[in-house]
Amino acid sequence: MGGLTGAPVGGLVAGRSAIVTGAGQGIGLEIARLLHEHGARVTLADVDAERAAKAAAEIAGGDAGSVLGLGCDVTDEMSVENAVRHTAERFGTLDILVNNAGITRDASLRRMSAADFDAVIGVHLKGTWLGLRAASAVMREAGRGSIVNISSLSGKSGNPGQTNYSAAKAGIVGLTKAAAKELAHRGVRVNAVQPGLIRTAMTEAMPPEVFAAREADIPMKRAGQPREVAGAVLFLASDLSSYMTGAVLEVGGGRLM
Ligand code: NAP
């Protein structure tokens with residue numbers, strides 16, 4: 001994946017193979033769709049295997065051979081390694097990993113249980129680390145690869161009621177930079193994206209007045225769409241960003257700049 005060597009025929013990631021975690025719906029599904037539209041073979045990995053298979057069939061169209069839906073729990077070491085092995089065997093390589101899977105367990109410090117803290121840290125931070133470790137083992141041998149970790153503006157600013165989530169998302173930034181330094185000389189780039197307020201099932205769960213207040217705070221005066229996050233991920237996954245590693249791109253309509 002070294003250097004800008006001219007426009008790839010068939011899309012920005014033509015001939016590449018990718019895994020997107022948490023791709024059964026929301027931002028992950030749109031990332032998988034956009035990577036596929038740009039020529040990648042894609043594994044949609046989600047804790048809900050049925051949802052992953054359905055999402056894979058939806059984006060495949062008539063091209064079922066280039067899309068795989070897989071049950072994968074990112075908190076489970078074996079499950080993550082299995083997804084990486086399965087993808088590399090099925091598609092011949094693994095060039096792109098997007099660590100996107102996520103959950104929220106919001107509560108004030110007074111009400112948050114240790115189990116809520118562990119669950120959120122487990123999916124976001126440990127899950128991202130497990131994916132990074134498994135995928136980079138394959139990529140470093142190939143001498144190329146791009147890993148994109150989905151953080152959040154909550155990790156930059158901290159959100160009340162999200163001490164677990166904000167800590168995990170800030171942790172993903174440190175993890176991204178440390179891994180980027182370890183892997184740069186092996187041709188593997190590691191970057192992060194920090195979305196702001198995006199319309200998905202995760203934010204639909206917010207009380208409408210909280211959503212409206214957050215939206216009013218955004219300079220662009222609207223929440224973002226999942227595809228607008230996917231665009232930044234595609235850029236980082238492709239050779240258009242060949243000289244970028246350890247970077248954090250904000251996709252928040254100007255919020256918290
Ligand atoms: P979403 O619609 O809830 O999708 C997340 C997907 O991840 C779901 O299919 C979920 O399955 C799956 N998942 C949960 N735990 C998993 C696990 N252990 N292993 C594998 N998959 C798992 O959320 P989203 O809004 O698209 O969020 C995607 C990512 O963007 C997350 O990392 C989130 O923190 C981040 N983000 C979102 C926003 C936003 O405003 N929406 C803003 C900043 C950052 P279940 O539904 O079964 O749990």
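Atoms within a ligand are numbered from 1 in the order they appear, just like the ligands themselves.
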Atom pairs and distances, donor-acceptor, side-chain atoms in residues 175-183, under 3.5 Å, two or more places apart:
unit_1	atom_1	unit_2	atom_2	d
Thr176	OG1	Asn149	ND2	3.0
Thr176	OG1	Ile172	O	2.6

Using a 4.0 Å cutoff against the non-hydrogen atoms of [X], which atoms of ligand 1 qualify?
X: Ala101; result: 7 (O), 20 (C), 21 (N), 22 (C), 32 (O)
X: Ser151; result: 44 (C)
X: Leu197; result: 40 (O)
X: Cys72; result: 19 (N), 20 (C)
X: Gly26; result: 2 (O), 26 (O)
X: Gly102; result: 5 (C), 7 (O), 14 (C), 31 (C), 32 (O)
X: Ile103; result: 14 (C), 15 (N)

Hphob cluster co-occupancy, [X] + [Y], side-chain heavy atoms under 4.5 angstrom:
X: Ile150; Y: Val74; value: no
X: Ile96; Y: Val251; value: yes
X: Leu12; Y: Val148; value: yes

Below 3.5 Å, N or O to N or O, backbone or side chain included: is there any such pair between [X] and ligand 1?
X: Lys169; answer: yes
X: Thr75; answer: no
X: Gln25; answer: yes
X: Asp73; answer: yes
X: Val123; answer: no
X: Thr203; answer: no
X: Leu153; answer: no
X: Ile150; answer: no
X: Ala45; answer: no

Salt-bridge present (Asp239, Arg16; N to O < 4.0 Å): yes
Heavy atoms only: which of [options] is nearest to [atom]?
atom: atom 11 (O) of ligand 1; options: Met206, Arg51, Gln194; value: Arg51
atom: atom 9 (O) of ligand 1; options: Val229, Ile31, Asp46; value: Asp46
atom: atom 29 (C) of ligand 1; options: Asn100, Thr21, Ile27; value: Asn100
atom: atom 17 (C) of ligand 1; options: Leu29, Val120, Val47; value: Val47
atom: atom 27 (O) of ligand 1; options: Arg214, Met202, Glu30, Lys126; value: Met202

Can a donor-acceptor pair be found, under 3.5 Å and without considering hydrogens, that links the side chain of [X] to the backbone of [Y]?
X: Thr200; Y: Met202; answer: yes
X: Ser146; Y: Leu236; answer: yes
X: Ser241; Y: Phe235; answer: yes
X: Arg41; Y: Gly15; answer: yes
X: Thr245; Y: Val190; answer: yes

Non-hydrogen side-chain atoms of Lys169 and His124 separated by less than 4.5 Å: yes
Between His36 and Asp63, is there a side-chain heavy-atom distance shorter than 4.5 Å?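 A side-chain contact under 4.5 Å exists here.
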Quick one: look up the protein heavy atom nearest [atom] and list residue, atom name and how far away it is.
atom: atom 6 (C) of ligand 1; value: Gly22 O, 3.4 Å
atom: atom 42 (C) of ligand 1; value: Gly196 O, 2.9 Å
atom: atom 24 (P) of ligand 1; value: Thr200 OG1, 3.6 Å
atom: atom 19 (N) of ligand 1; value: Val74 N, 3.0 Å
atom: atom 34 (O) of ligand 1; value: Tyr165 OH, 2.5 Å

Could you tell me whether the side chains of Asn159 and Ser154 share a donor-acceptor contact shorter than 3.5 Å?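 There is such a pair between these side chains.
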Applying a 4.0 Å heavy-atom criterion (strictly less than), which segment of [X] is in contact with ligand 1: side chain, backbone, both, or neither?
X: Ile198; result: both
X: Ala23; result: neither
X: His124; result: side chain

N/O donor to acceptor pairs below 3.5 angstrom from side-chain atoms of residues 219-227, sequence neighbours left out:
unit_1	atom_1	unit_2	atom_2	d
Lys221	NZ	Ala216	O	2.5
Arg222	NH1	Glu228	OE1	2.9
Arg222	NH2	Glu228	OE2	2.7
Arg227	NH2	Glu37	OE1	2.6

Is there a side-chain contact (heavy atoms from CB on, under 4.5 Å) between Val229 and Glu30 once you walk through the steps? CA-CA 8 Å; Val229 179; Glu30 288 313 307; over 6 Å; no
For atom NZ of Lys126, is the number of surrounding heavy atoms from other residues, nucleotides or ligands below 6.0 Å larger than 12? no
